[in-house]
Amino acid sequence: MTYTQTTPDRGSAVPASAVHEGDAATASSHGTPDDRSASRAGDIDDVARLLQADGSRVADAGLDPWIVDLSPHQLRALHRDMVLTRRLDTEGVALQRQGQLALWPPCRGQEAVQVGTAHALAPGDFVFPSYREHGVLLARGAKPEAYVLAWSGEEHSAYDHTTINAAPPQIIIGAQSLHATGWAMGAQRDGATDVAVAYFGDGATSQGDVNEAMVFASSFAAPVVFVCSNNQWAISEPVAVQAKYPIAGRAPGFGIPSLRIDGNDVLACVAAMRWALDRARRGGGPTFLEAVTYRMGPHTTSDDPTRYRTSDEVERWAERDPIARFEAYLRAEGVLDDSALADVAAAADALAAEVRSACVRATTRAPETVFDHVYAEPHAGLATQKADYLGYLAGFETDDLR
Amino acid sequence: MTYTQTTPDRGSAVPASAVHEGDAATASSHGTPDDRSASRAGDIDDVARLLQADGSRVADAGLDPWIVDLSPHQLRALHRDMVLTRRLDTEGVALQRQGQLALWPPCRGQEAVQVGTAHALAPGDFVFPSYREHGVLLARGAKPEAYVLAWSGEEHSAYDHTTINAAPPQIIIGAQSLHATGWAMGAQRDGATDVAVAYFGDGATSQGDVNEAMVFASSFAAPVVFVCSNNQWAISEPVAVQAKYPIAGRAPGFGIPSLRIDGNDVLACVAAMRWALDRARRGGGPTFLEAVTYRMGPHTTSDDPTRYRTSDEVERWAERDPIARFEAYLRAEGVLDDSALADVAAAADALAAEVRSACVRATTRAPETVFDHVYAEPHAGLATQKADYLGYLAGFETDDLR
Amino acid sequence: MSALTLGAAINAGLTRAMADDERVLLMGEDIGKLGGVFRVTDGLQARFGPQRVIDTPLAEAGIVGTAVGLALRGYRPVVEIQFDGFVYPAFDQIVCQVAKLHYRSNGRIRMPLVIRIPWAGGVGAAEHHSESPEAYFVHTPGLRVVAASTPQDAYVMLRQAVASDDPVVFLEPKRLYHSKGEVDPDADLADAPPLHLARVAREGTDATIVTYGALVGTALDAALAVEDEGLSLEVIDLRSLSPMDLTTVAASVRKTGRVVVAHEAARQAGVGAEIVASITERCFHHLEAPPERVTGHDIPYPPSKLEKHHVPDLDRILYGVDKVLDRTGEREVVL
Amino acid sequence: MSALTLGAAINAGLTRAMADDERVLLMGEDIGKLGGVFRVTDGLQARFGPQRVIDTPLAEAGIVGTAVGLALRGYRPVVEIQFDGFVYPAFDQIVCQVAKLHYRSNGRIRMPLVIRIPWAGGVGAAEHHSESPEAYFVHTPGLRVVAASTPQDAYVMLRQAVASDDPVVFLEPKRLYHSKGEVDPDADLADAPPLHLARVAREGTDATIVTYGALVGTALDAALAVEDEGLSLEVIDLRSLSPMDLTTVAASVRKTGRVVVAHEAARQAGVGAEIVASITERCFHHLEAPPERVTGHDIPYPPSKLEKHHVPDLDRILYGVDKVLDRTGEREVVL
Ligand SMILES: Cc1ncc(C[n+]2csc(CCOP(=O)(O)OP(=O)(O)O)c2C)c(N)n1
Ligand SMILES: Cc1ncc(C[n+]2csc(CCOP(=O)(O)OP(=O)(O)O)c2C)c(N)n1
Ligand SMILES: [Mg+2]
Ligand SMILES: [Mg+2]
């Protein structure tokens with residue numbers, strides 16, 4: 001008698017060529033076992049990849065078909081958004097150091113997964129980012145000069161979600177995974193082909209919410225893609241605290257196909273995301289992507305990573321830089337030359353200048369606006385509180401308090 | 001290049017013979033793929049089993065070694081506790097119908113998993129039951145006549161957890177899974193070989209708490225066994241609402257070996273539990289058991305299952321009755337004869353009589369006791385409230401209110 | 001007009017809201033085929049289909065969290081929490097998301113979510129099935145919190161809650177599910193009293209009882225009980241706990257000078273504290289006696305055989321009335 | 001005696017508690033190698049090892065839920081919630097388990113758990129990092145809730161909280177983490193004021209300010225500011241929010257007849273409502289003016305650039321004082 005007994009330390013690899021059939025369930029029945037041992041949880045090379053660290057292209061029968069159509073123009077756009085993201089990020093850090101921003105959570109090192117997955121989206125898709133997804137939001141069309149103000153303390157959220165189909169950045173770890181799933185259930189009910197995307201980190205996978213999101217997504221076959229940026233750290237905790245086995249291995253237990261990709265390889269990120277989105281649009285339900293990447297900077301500008309990790313580790317990851325890798329590839333392919341690179345650098349400088357000037361120009365809104373938008377409809381109690389507070393403020397001789 | 005891509009609809013079966021090595025991680029590397037399709041989620045025969053529905057014994061190289069030593073005495077004890085559990089349950093339902101109990105959640109049909117797993121425990125182990133684990137608590141030594149009072153509205157919990165190493169029944173679905181994990185972390189820190197056991201249902205697996213419990217248990221390699229009694233229903237919702245794929249398939253993603261067993265086969269339950277406990281005691285960490293069983297009765301005495309399931313289904317499961325099956329086996333083995341059965345029946349009748357009389361005799365404790373045990377240490381505010389209330393009560397001329 | 005139970009009135013309100021607006025969805029555990037453990041959603045899945053009456057997995061954070069996403073997509077989800085004591089797993093989603101998304105997004109996101117909660121005790125239930133968590137929600141800016149005490153209010157207020165662009169915690173006194181009253185199913189929402197207004201359930205002059213939910217009936221009984229003694233009690237059914245209609249309350253207290261505030265929830269930092277504080281601030285010079293709170297004790301909900309010593313009843317409300325009228329010891333207590 | 005910051009005092013208290021009792025464990029996110037995002041647990045993992053200072057997975061329900069299990073096994077866990085706004089995922093475990101297990105088990109189970117929460121605003125932080133959730137806990141029977149406002153109190157109260165056989169929510173005003181004060185590290189707990197008592201931080205005769213946490217300092221500043229005007233304010237540091245030391249509060253209000261209650265949390269159904277209601281009930285005939293609440297508004301915590309318009313400051317407390325003394329409009333406001 002055979003029966004189901006599953007052990008944690010094995011995945012069941014399916015031929016990569018099966019991936020693009022968009023039907024993992026069928027594909028899997030042709031699988032061959034993957035016998036690598038448990039230790040591969042930390043194996044950052046146990047990933048699907050199209051570009052090696054030096055920029056050389058490797059074949060992957062599963063992923064290749066999903067990017068064959070990328071035009072030079074699209075490739076340059078990917079590159080450009082990665083560079084712009086890095087520049088935005090560098091500027092964010094600098095502005096915080098100079099007291100212009102209250103806080104900045106750097107995304108350096110994670111540009112490929114952010115930009116790559118975002119470029120795969122259709123305008124009607126909706127993203128639910130965490131606080132670190134600067135590249136996703138930039139690629140979605142958030143105006144950088146408005147966007148940064150969410151980190152200056154002027155606003156909780158500084159872009160209009162309706163224009164870029166992106167929810168406000170989520171700070172409560174994992175909460176947005178449920179919102180994405182619910183939104184996807186709505187798209188499903190509308191008979192639309194729109195897909196929701198939840199972005200979160202490796203640490204978030206420990207939260208009940210993320211697991212409940214997988215339960216709901218699976219139960220309703222909701223068109224949602226979970227993108228877990230496994231950047232190896234949740235503040236000071238290495239991913240091993242959250243997961244002894246690869247995170248990508250968790251979703252299948254919920255009935256959700258998953259793929260572990262090189263999160264520093266933008267082509268793999270585009271390809272995997274297109275595959276996942278396509279599955280969703282065809283009614284195939286949710287997909288889980290684990291993008292193996294690295295948070296090159298501190299958790300936020302308030303953090304001191306030297307307390308918990310070695311510079312060795314950081315240096316090793318620097319060799320896997322997503323932008324350098326892609327640049328090398330594009331140059332080799334003749335898609336990018338010095339002059340194009342100079343253009344991008346100039347655009348990045350312009351972006352940085354605009355962001356900086358927006359910060360410097362920013363003025364704090366009027367005190368009474370703290371009472372706005374608590375409710376969508378009139379609220380007598382709050383109106384009284386507002387009037388009282390304005391009366392109190394009016395008692396001051398100067399308007400210094402404002 | 002190979003990489004990890006996991007699809008939901010496959011488990012990786014390991015040779016059953018590997019099970020008892022107590023090291024699933026090693027065992028797994030000899031695995032062969034299991035290619036059954038997704039639909040096996042509902043396949044109630046895709047389980048490890050030692051007794052068939054007619055009581056005939058089947059071999060299972062993985063489980064067999066764990067029960068070879070069961071003596072006739074132990075076998076009879078298992079049988080006896082199952083019969084007593086059923087009688088307690090029947091009496092609970094009857095007492096509720098007669099207004100002696102406020103509510104009763106019947107466990108009819110689930111006696112094998114409850115009694116079998118509990119019999120595998122050592123006295124120092126600690127169980128964290130849900131509201132339906134009457135058989136577990138009986139086997140742990142809870143006095144039935146005290147136990148039932150938890151369902152009369154006299155007490156929230158009517159046994160002393162310290163004497164039987166069992167937490168109060170948990171009503172908040174899934175919450176106890178974390179308590180068990182924490183207790184196991186404590187046992188681990190004590191250098192003890194005690195194991196914690198969390199009991200919960202199929203519905204509970206959707207709760208964030210149960211998933212977080214798996215994360216913590218895995219992260220700390222805590223000596224805890226998760227026993228999920230998949231009785232096919234969470235009130236009116238079939239298990240398919242919670243899980244599209246077998247629940248046992250979820251744990252491995254968290255790094256926890258799991259086993260799907262026939263929950264109506266008490267021998268399989270004993271064997272699997274012994275295996276899991278042994279793993280835990282040897283420092284192997286957590287194990288997840290999915291016991292496939294069936295809730296023969298309503299969810300509680302307040303429920304009307306005719307609204308959501310067919311009598312056909314119930315009848316089909318009646319043919320898999322755990323007690324009839326085990327009785328047939330024991331008779332065939334010559335371990336049980338008519339006279340022994342009569343003894344058990346008499347004991348069951350005595351138990352029922354005692355339980356009934358305890359209910360009838362039960363008196364409600366004094367009003368002021370509602371103020372007791374809110375805090376372990378004195379609390380002035382509450383003392384005042386108590387005094388005020390007693391003063392108020394004293395104003396009544398009769399003590400009818402008491 | 002037809003006589004409906006409070007439960008049936010909510011069912012009728014849901015039916016109407018769903019018929020009027022196809023973006024209205026119901027979500028919850030066992031609300032479909034079973035019609036909910038209280039049968040409040042009975043027949044709705046049969047009528048509107050499983051896409052609109054959704055049996056969810058057993059996870060409250062999941063229910064509320066996905067409802068947030070559905071609201072973002074333009075739906076108006078009405079979620080059922082099976083019992084009051086099971087709302088806490090969803091607390092983070094309610095407090096940090098449902099209540100704050102409108103503010104977080106500078107008003108761009110709307111959260112027209114209704115969270116229905118069968119609520120409070122007195123029904124002989126097991127642990128966690130008789131909780132009164134309203135103060136937690138009343139203390140949370142961004143939420144509206146309402147409690148109906150009659151079938152007519154239940155019908156109208158449910159529809160108003162669904163129509164509101166703000167999230168509404170809709171408390172259903174489960175003790176009253178089977179109590180009957182006249183309901184006008186064709187009531188025009190425009191003619192109905194707005195959701196945020198309190199209702200003077202009975203006019204009186206000697207003292208005011210402010211309460212909500214099932215205790216409104218008990219307060220009315222109290223008013224009736226003291227009529228013979230020549231006492232005239234005013235009874236206010238708060239209806240909306242956030243916002244609170246303090247105008248109506250203050251007007252009454254200014255008239256009577258004496259007030260009893262009653263609720264089932266624990267006293268400390270309960271809604272009664274807010275009412276007493278607000279009354280004191282607004283009616284200080286009209287108060288002839290300190291306001292009196294008649295509430296549940298500061299204890300976890302006790303085993304049901306003892307709940308009558310926790311949940312305020314007629315006698316305890318009368319005792320409170322006696323206190324504000326300075327007549328304790330005078331009453332002949334007849335049980 | 002040595003001068004320590006409030007953060008260092010808590011660190012010292014934890015160190016002492018762990019040294020005294022090996023069943024004391026610390027659990028939380030980033031509390032080990034990093035020493036916590038506020039460095040409150042700095043050095044403790046190095047000293048006591050990872051078995052006793054446990055970096056947990058990122059899941060608050062998991063942290064509190066496993067701590068419950070550890071308590072059942074005889075440990076005394078001290079859990080850290082990284083920021084006030086992240087306590088809500090653990091709310092169910094806190095309200096339904098931590099607070100109720102002693103009651104549920106008829107006193108057989110004890111829950112000697114401390115839940116440390118870096119708490120409240122005024123530090124220019126991002127959303128969810130400046131919350132004041134205390135009312136939720138104060139309204140929950142079974143929990144004790146305390147808030148230290150000085151390093152000495154922080155040191156002693158932390159040790160008392162760990163020693164308590166009841167669960168204690170231990171609020172740490174994060175705005176004060178770096179404020180210094182004298183701490184006697186050899187203080188004998190037996191000589192220290194019991195955990196549940198309030199402290200008269202300053203004696204006065206004209207009005208009482210009742211507050212807790214970081215606002216105690218602001219209230220003392222207010223008392224100083226009006227000294228010149230010949231006004232004498234009494235300042236009470238509540239210290240324990242559940243239970244509340246109403247004896248000390250009432251004695252003060254009976255003396256002054258006027259009271260301002262201040263906290264950062266939203267006003268509606270906040271702790272201030274309870275204080276005002278209790279004072280009114282106990283001191284009705286001594287009150288010369290309605291008690292005044294100076295609190296955060298009933299809004300979600302605003303973006304940090306605007307937080308000064310939400311968190312009560314010196315001016316707002318003085319305004320409240322003026323109100324209870326009927327002198328609004330008289331003060332020359334100098335900014
Ligand atoms: C519910 C909750 N708990 C704790 C935190 C504090 N916190 C902010 S980021 C973070 C680590 C998150 O790690 P991960 O999910 O891996 O994302 P990353 O920051 O690496 O992008 C923590 C603990 C939070 N924001 N929300
Ligand atoms: C947090 C929570 N939500 C909802 C409920 C109501 N409820 C009680 S039992 C139950 C179904 C549980 O199903 P399952 O976990 O399969 O256990 P079973 O009852 O079948 O033994 C539900 C929804 C609850 N007790 N706790
Ligand atoms: Mg991370
Ligand atoms: Mg079940």
Side-chain angles (χ1 to χ4, degrees), chain B residues 126 128 150 155-163 167-172 174-190 192 194 196 198 207-209 211-220 222 224 365 369-370 372-384, chain D residues 22-23 25 27 51-52 54-75 77 89 92-93 95-97 99-112 141-144 163-167 194-197 240 242-247 278:
Chain B
F126 206 103
F128 292 79
E155 303 287 349
H156 283 321
S157 164
Y159 51 84
D160 180 351
H161 73 282
T162 58
T163 59
Q170 181 61 249
I171 289 178
I172 300 294
Q176 74 277 21
S177 58
L178 284 167
H179 307 165
T181 304
W183 192 96
M185 289 166 64
Q188 198 176 33
R189 277 162 180 71
D190 293 339
D194 304 333
Q207 284 285 4
D209 275 11
N211 291 284
E212 294 190 10
M214 290 200 270
V215 172
F216 276 67
S218 171
S219 187
F220 298 110
V224 55
R365 46 184 162 94
T369 61
V370 299
D372 295 346
H373 308 306
V374 180
Y375 296 95
E377 299 178 358
H379 189 289
L382 200 59
T384 309
Chain D
E22 61 175 22
R23 307 298 281 180
L25 294 179
M27 305 172 70
Q51 290 295 308
R52 293 186 65 197
I54 309 171
D55 271 329
T56 65
L58 207 178
E60 288 76 12
I63 296 171
V64 174
T66 53
V68 166
L70 279 154
L72 268 160
R73 176 83 196 180
Y75 284 87
D92 177 60
Q93 285 286 343
V95 166
C96 294
Q97 308 301 331
K100 291 196 168 83
L101 267 160
H102 188 62
Y103 196 74
R104 181 181 305 153
S105 67
N106 266 332
R108 286 182 293 253
I109 292 174
R110 304 208 153 186
M111 275 291 122
L143 300 178
R144 294 178 188 268
S164 171
D165 271 352
D166 287 317
L195 191 55
H196 63 272
L197 288 191
S240 176
S242 180
M244 260 182 216
D245 178 5
L246 294 168
T247 310
S278 293

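Protein chains get the first letters and strands the later ones, always in sequence-line order, with residue 1 at the start of each. From a predicted model like this one, the values you see are computed outputs, not experimental measurements.
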(request) Drop me the distance from D:I54's CD1 to B:R189's CZ, to the nearest 0.5 angstrom. (result) 3.5 Å
(message) Using 0.5 Å steps for rounding, measure from the CG atom of B:D209 to the OG1 atom of D:T66.
(response) 10.5 Å
(message) When you compare the side chain of B:H156 with that of D:L101, does any pair of heavy atoms fall below 4.5 Å?
(response) no
(request) Pick whichever of D:S105, D:A71, D:G65, D:G74 has the most heavy-atom pairs under 4.5 Å with chain B. (result) D:G65
(request) Tell me, for D:R108 versus chain B, whether the close heavy atoms (under 4.5 Å) come from the side chain, the backbone, both or neither. (result) both
(request) Using non-hydrogen atoms and a 4.5 Å limit, figure out which bit of B:Q170 sits close to chain D: side chain, backbone, both or neither. (result) side chain
(message) Let's test your reading of the structure: which of D:A99, D:P112, D:G142 forms the most heavy-atom pairs below 4.5 Å with chain B?
(response) D:G142
(message) Taking side chain as everything from C-beta outward and backbone as N, CA, C, O, which of these in D:D92 sits under 4.5 Å from a heavy atom of chain B? Side chain, backbone, both or neither.
(response) side chain
(message) What part of D:Q97 gets within 4.5 angstrom of chain B, counting heavy atoms only: side chain, backbone, both, or neither?
(response) side chain
(request) Nearest 0.5 Å please: distance from the CG atom of D:N106 over to the OH atom of B:Y159. (result) 12.5 Å
(message) Need one label for B:V224: side chain, backbone, both or neither, based on atoms under 4.5 Å from any heavy atom in chain D.
(response) neither
(message) If you count heavy-atom pairs within less than 4.5 Å of chain B, which of D:I63, D:V64, D:L246 leads?
(response) D:I63
(request) Sort D:S164 into side chain, backbone, both or neither according to what part of it lies under 4.5 angstrom from a heavy atom of chain B. (result) both
(request) Give a yes or no on whether the backbone of B:W183 and the side-chain of D:Y75 come within a donor-acceptor separation of less than 3.5 Å. (result) no
(request) Grab the two heavy atoms, one from B:V215 and one from D:P57, that are nearest each other, plus how far apart they are. (result) CG1-CB, 3.6 Å
(message) Any non-hydrogen side-chain atom of B:S157 less than 4.5 Å from a side-chain atom of D:I109?
(response) no
(message) Looking only at heavy atoms and a cut-off of under 4.5 Å, which of D:L143, D:D245, D:L70 has the most pairs with chain B?
(response) D:L70
(message) Contact between D:E60 and B:E212 at the side-chain level, heavy atoms closer than 4.5 Å - yes or no?
(response) no
(request) Could you check which of B:I171, B:D372, B:D160, B:T384 has the highest count of heavy-atom pairs closer than 4.5 Å to chain D? (result) B:D160
(request) May I ask you to test the D:L25-B:M185 pair for a side-chain heavy-atom distance under 4.5 Å? (result) no
(request) With a 4.5 angstrom heavy-atom cut-off, could you sort out which part of D:H196 is near chain B: side chain, backbone, both or neither? (result) neither
(request) Considering only heavy atoms and a distance below 4.5 Å, find which of D:Q93, D:R110, D:M27 pairs most often with chain B. (result) D:Q93
(message) If I measure from the heavy atoms of chain D, does B:A180 come under 4.5 Å with its side chain, its backbone, both, or neither?
(response) neither
(request) Find the one option among B:I172, B:T162, B:T181 whose heavy-atom pairs under 4.5 Å with chain D are most numerous. (result) B:I172
(request) Please flag which part of B:Q188 lies under 4.5 Å from any non-hydrogen atom of chain D: side chain, backbone, both or neither. (result) neither
(message) Just so I understand: if I count every heavy-atom pair under 4.5 Å between each of B:L382, B:V374, B:N211 and chain D, which residue has the most?
(response) B:V374
(message) Using a 4.5 angstrom heavy-atom cutoff, name the option from B:A175, B:S219, B:A158 with the most pairs to chain D.
(response) B:A175
(request) Specify the closest pair of heavy atoms between B:H379 and D:R144, including all atoms of both residues, with the distance to one decimal. (result) CD2-NH1, 4.1 Å
(message) So for B:D190, is it side chain, backbone, both, or neither that comes closer than 4.5 Å to the heavy atoms of chain D?
(response) both
(message) With a 4.5 angstrom heavy-atom cut-off, is it the side chain or the backbone of D:A67 that approaches chain B, or both, or neither?
(response) neither
(request) Please report the shortest heavy-atom distance between D:A61 and B:L178, naming the atom on each side. (result) O-CD1, 3.4 Å
(request) For residues B:F216 and D:T56, report the shortest heavy-atom separation together with the two atoms involved. (result) CE2-CB, 3.8 Å
(request) Work out which heavy atom in B:Y375 is nearest to a heavy atom in D:S242; give both atom names and the distance. (result) OH-OG, 4.0 Å
(request) Check for a donor-acceptor pair, side chain of D:D166 on one end and backbone N or O of B:E377 on the other, with a separation under 3.5 Å. (result) yes
(request) Give, as side chain, backbone, both or neither, the part of B:A187 having an atom under 4.5 angstrom from any heavy atom of chain D. (result) both
(request) Identify the two heavy atoms, one from B:F128 and one from D:L72, that lie closest to each other, and give their separation to 0.1 Å. (result) CE2-CD1, 3.6 Å
